[in-house]
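Okay, structure first, notes after.
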Amino acid sequence: MTVRVRIAPSPTGNLHIGTARTAVFNWLYARHYNGKFILRIEDTDEARSRPEYTENIKSGLAWLGLTWDEGPFFQTQRLDQYQQAIQTLLDRGLAYLCYCTPEELDQMREEQKAKGLAPRYDNRHRNLTAEAKAALEAEGRKPVIRFKIDDDRSVVWQDAVRGRVVWQGGDLGGDMVIARAGDTSAFGQPLYNLAVVVDDIDMDITHVIRGEDHIANTAKQILLYEALGAKVPVFAHTPLILNQEGRKLSKRDGVTSINDFRKLGFLPEALANYMTLLGWTPPDSTEEIFTLAEAAEKFDLDRVNKAGAKFDWAKLDWINSQYLHKMSAQDLVELLVPYWEEAGYEVNLDSDRYWWESLTAMVAPSLTRLVDVVKETRLLVAESVEYTPEAVEFMQQKGVKEVIEQVIGAISETTSLEAADGKAIIKDVTKSLKVKKGLVMRSLRAGLTGEMHGPDLIQSWLLLHQKGWDKGRLEKALSLI
RNA sequence: GGUGCUGUAGACAAAAUGGUAAAGUCACCUGCCUUUCACGUAGGGGUUUGCGGGUUCGAGUCCCGUCAGCACUGCCA
């Protein structure tokens, strides 16, 4: 039997981290068993679904490297299949028309709550007489279709993550709606639980791997599988991703769409790596940096955790930095350009690639996210400098002025400056002024970059020199002393 | 209210059939490197396994009770 799994997001928002993590697990499982990973867009909620979200989901999955083998399939293009299934259930007497209005249902639930009872549908229209039906219809009511769920029925399945799960029919909320009320003909749009089951049957899905917030749906869906005479797949419910407060991560938590992570400068490999760790532990391994392909070799459902996983920015940052630091400057600089441009700097790699690459090589170790490059190189990518109060204060110190003056003198005589030349100049100045080398170094750093901390001084100096900015900056520094 | 799930250091978590001082990673602290920061590197501290009982020579691992957190409870998915 070929393993067939799927990710089935609804296009009612951008690709969410939770959906993406579920996609990762499904992808990993498919790859591990040499199976198929299918993408299905669940757009039956036409009011909330939008095509741009579908695009966002597709591009997000592709960006993460979660390529799908089949699809995308769209539920809105499969309406006939759902109608057929609904008709079958109706014909078999397993489903019926319910004429309750939303208001009636609300009221019913209110009353139940007031009495301390669990809110549920009381199956009141399950056995309507023909006359009653006609009367309700005469009122102009449009029926929904409900699927019968017997209270005393118990649903049992062997969950690949949680083990044996037992669910009582009576705890499922009464007969469930599987199709909305239609404004005209037979029945309206099919609802999630029905559509999912029909699709999973048609697409031969063998393993349904999804978040644990779907557990109750699974019980309902198993009943539908049975009613439709189909084989029930294996279910696996993965733990939820939690925010800092321990609640299910939601849009309310700010950065939760894959798009956001991308913009912040996380690498897809790093994000995927981290998501893999959220709820799964590789067997006998202490190494936590790995590619999706490597994870796929070891991935299986039996090592998926049951407890929810808190999302930890610090760990994601660390993983991202590991990937960043491993990259070559040639590759990295390409990824960095958009961030510089976004910050308003002009970058032309065609004409000035060497310089930008050198700059990249110098600051790479201090980057955690791509966007950090703006802050890290701010002092080097423009001709002008701003001097921090700390730097100005330092430069007021005795001896700094002389150091800077001498350095200006030295570079005025040089055309090309190499690392060795820079070091020589520093040495000469140190000697001739009889000061400590540290003073010279710090004077230069302050005068050249306007700050007391930053990347390698000599390298920074060379880069500035290549742009012809070093002398001007030092002169400006002098004017502040 | 009901149903279900979960509970090992700040975070992620590992610990066949119960058996030595409860892995590892991140974070944190310290030294080294860099006459800066970061990176890197070498170390270090922290949990007695939600809590309370019980079984046992011995329990994170079994039993009972208790508390807490979360999820679900839609003509959303």
Side-chain angles (χ1 to χ4, degrees), chain A residues 8-13 19 42-45 47-49 75 98 100-102 105-106 109 112-121 142-146 162 165-168 170-174 176-182 187-193 195-196 210-217 219 237 239-240 242 244-248 274 277-289 303 305-319 321 324-325 362-368 372 376 436-442 445-446 449 451-457:
Chain A
S10 68
T12 54
T19 308
E42 311 218 317
D43 54 354
T44 51
D45 187 348
R48 292 195 300 149
S49 296
Q75 292 191 322
C98 165
C100 293
T101 63
L105 295 173
D106 283 346
R109 291 190 186 105
Q112 289 164 337
K113 271 189 184 172
K115 286 185 205 156
L117 299 169
R120 56 161 290 165
Y121 175 61
K142 306 297 183 197
V144 298
I145 314 285
R146 283 188 186 268
R162 325 185 85 81
V165 179
V166 182
W167 213 281
Q168 207 53 42
D171 294 327
L172 255 20
M176 66 188 279
V177 179
I178 53 175
R180 286 191 165 95
F187 26 83
Q189 289 169 357
L191 253 25
Y192 172 74
N193 279 306
V196 165
R210 69 210 330 186
E212 74 164 273
D213 47 345
H214 279 289
I215 288 198
N217 285 328
H237 292 92
L240 264 20
L242 277 19
Q244 296 303 311
E245 288 75 48
R247 292 175 183 280
K248 183 164 81 165
Y274 180 58
L277 255 12
L278 243 27
W280 177 73
T281 313
D284 55 83
S285 173
T286 53
E287 180 57 67
E288 295 194 316
I289 300 292
R303 288 189 73 86
N305 253 64
K306 290 199 260 298
K310 251 179 219 172
F311 191 89
D312 184 1
W313 284 95
K315 184 123 183 185
L316 206 215
D317 273 336
W318 175 75
I319 290 177
S321 71
L324 237 33
H325 299 167
M362 181 177 73
V363 300
S366 52
L367 300 182
T368 294
D372 295 340
E376 294 296 331
K436 290 200 166 145
K437 193 176 165 196
L439 179 78
V440 178
M441 299 288 277
R442 278 180 290 159
R445 179 176 293 285
T449 70
E451 293 201 358
M452 298 309 295
H453 303 291
D456 187 83
L457 180 59

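Both backbone and side-chain heavy atoms feed into the values below; hydrogens, waters and symmetry mates do not.
- Although no hydrogens or angles enter the test, the distance criterion places no donor-acceptor pair under 3.5 Å between the side chain of A:R180 and the main chain of A:Q189.
- Counting non-hydrogen atoms under 4.0 angstrom, A:T44 reaches the backbone sugars and phosphates but no base.
- In this structure, A:K315 atom NZ and B:rC26 atom P are separated by 7 Å, rounded to whole Å.
- Look at CD on A:Q244: it is 18 Å from P on B:rG69, rounded to the nearest Å.
- The side chain of A:K142 places no N or O atom within less than 4.0 Å of a non-bridging phosphate oxygen (OP1 or OP2) of B:rC75.
- Side-chain proximity of A:D213 to the nucleotides B:rC72, B:rA14, B:rC76 is greatest for B:rC72.
- B:rU30 and B:rA42 make up a base pair, with Watson-Crick or G-U wobble contacts both under 3.5 Å.
- Counting to the nearest Å, the P atom of B:rG2 and the CZ atom of A:R120 are 15 Å from each other.
- Rounded to whole Å, the separation between the P atoms of B:rU20 and B:rG10 comes to 24 Å.
- Among the protein residues, A:H237 comes within range of no part of the nucleic acid, since none of its heavy atoms lies under 4.0 Å from any strand.
- The closest donor-acceptor contact from the side chain of A:R445 to the backbone of A:P455 lies under 3.5 Å.
- B:rG69 and B:rG74 have their C1' atoms separated by 25 Å, given to the nearest Å.
- Here A:A216 lies in heavy-atom contact (under 4.0 Å) with sugar-phosphate atoms only.
- B:rG7 and B:rG50 have their C1' atoms separated by 6 Å, with the value rounded to a whole Å.
- When the P atom of B:rA27 is taken as reference, atom CG of A:L277 falls 14 Å away, rounded to whole Å.
- Put simply, the side chain of A:I319 reaches to within 4.5 Å of the side chain of A:L277, judged on heavy atoms.
- When each of A:G279 and A:M452 is assigned the nucleotide of RNA chain B bearing its nearest heavy atom, the one mapping closer to the 5' terminus is A:G279.
- B:rC37 is unpaired under the criterion used here, namely a Watson-Crick or G-U wobble arrangement in which both key atom distances are under 3.5 Å.
- Two residues are said to be in side-chain contact when any heavy atoms from C-beta on lie closer than 4.5 Å; A:D312 and A:Y274 meet this criterion.
- Pairing partner, B:rG52: B:rC64, with both Watson-Crick or wobble hydrogen-bond distances short of 3.5 Å.
- Among the atoms of the strands shown, base atoms are found under 4.0 Å from some heavy atom of A:C100.
- Atom C1' of B:rA16 sits at a distance of 16 Å from the matching atom of B:rC62, rounded to the whole Å.
- The base of B:rG24 is paired with the side chain of A:E288 by a donor and an acceptor separated by under 3.5 Å.
- Of the candidate nucleotides B:rG4, B:rG10, B:rC75, B:rG10 has the atom lying nearest to any side-chain atom of A:D312.
- Considering only heavy atoms from C-beta on, A:Y192 stays 4.5 Å or farther from A:S10 through its side chain.
- Here the side chains of A:V196 and A:R210 are in contact, with some heavy-atom distance below 4.5 Å.
- Across the C1' atoms, B:rA13 and B:rC57 are found 31 Å apart, a figure rounded to whole Å.
- For the pair A:F311 CZ and B:rG10 C1', the interatomic distance rounds to 17 Å; values are reported in whole Å.
- At the heavy-atom level, A:V177 lies under 4.0 Å from the strands shown only through sugar-phosphate atoms.
- The side chain of A:D45 approaches B:rC76 more closely than any other nucleotide in the set B:rC76, B:rA38, B:rC5.
- Put simply, the side chain of A:N193 and the base of B:rA77 share no donor and acceptor less than 3.5 Å apart.
- Pairing of B:rU8, defined by two Watson-Crick or G-U wobble distances under 3.5 Å, is not identified with any nucleotide.
- Across B:rA59 and B:rG53, the matching C1' atoms stand 14 Å from one another, rounded to whole Å.
- Comparing the same atom, P, in B:rG1 and in B:rU48 gives a spacing of 32 Å after rounding to whole Å.
- Nearest-nucleotide positions on RNA chain B place A:A314 closer to the 5' end than the other of A:M441 and A:A314.
- Across all strands shown, A:G211 has no heavy atoms under 4.0 Å from either base or sugar-phosphate atoms.
- Among the protein residues, A:G454 comes within range of the nucleic acid bases, having at least one heavy atom under 4.0 Å from a base atom.
- At the phosphate of B:rC37, neither OP1 nor OP2 sits under 4.0 Å from any side-chain N or O atom of A:R442.
- Taking atom CD1 of residue A:I215 and atom C1' of nucleotide B:rC70, one finds them 12 Å apart after rounding to whole Å.
- Looking at heavy-atom distances under 4.0 Å, A:N217 makes contact with a base.
- At whole-Å resolution of the value, CZ in A:R109 and P in B:rG2 are 18 Å apart.
- Taking the side chain as every heavy atom from C-beta outward, A:T368 and A:E376 never approach each other to under 4.5 Å.
- Within 4.0 Å (heavy atoms only), A:K248 reaches sugar-phosphate atoms of the nucleic acid but no base atom.
- Nearest nucleotide to the side chain of A:A181, out of B:rC75, B:rU3, B:rG7: B:rC75.
- Minimum atom distance to the side chain of A:L240 is reached by B:rA71, of the listed B:rA71, B:rU6, B:rA77.
- Pairing partner, B:rU3: B:rA71, with both Watson-Crick or wobble hydrogen-bond distances short of 3.5 Å.
- Between A:T281 and B:rA14 there is a side-chain polar atom (N or O) within less than 4.0 angstrom of OP1 or OP2.
- Taking 4.0 angstrom as the limit, A:R146 places a side-chain polar atom (N or O) nearer than this to OP1 or OP2 of B:rC75.
- Counting non-hydrogen atoms under 4.0 angstrom, A:P9 reaches nothing in the nucleic acid.
- Across B:rA14, B:rU3, B:rA13, the shortest atom-to-atom separation from the side chain of A:A309 is found for B:rA13.
- Spacing between atom CZ of A:R247 and atom P of B:rA11 amounts to 17 Å, rounded to whole angstrom units.
- One finds no side-chain N or O of A:R210 lying less than 4.0 angstrom from the OP1 or OP2 phosphate oxygen of B:rA77.
- Checked against B:rC76, B:rG1, B:rA27, the side chain of A:R180 finds its nearest nucleotide in B:rC76.
- Taking atom P in both B:rA23 and B:rC67, the straight-line distance is 33 Å, to the nearest Å.
- When the options A:N193, A:V144, A:I145 are evaluated for a side chain to side chain contact (heavy atoms under 4.5 Å, CB included) with A:V177, the one that passes is A:V144.
- Annotation: side chain of A:M176 is not in contact with side chain of A:R146 (no heavy-atom distance under 4.5 Å).
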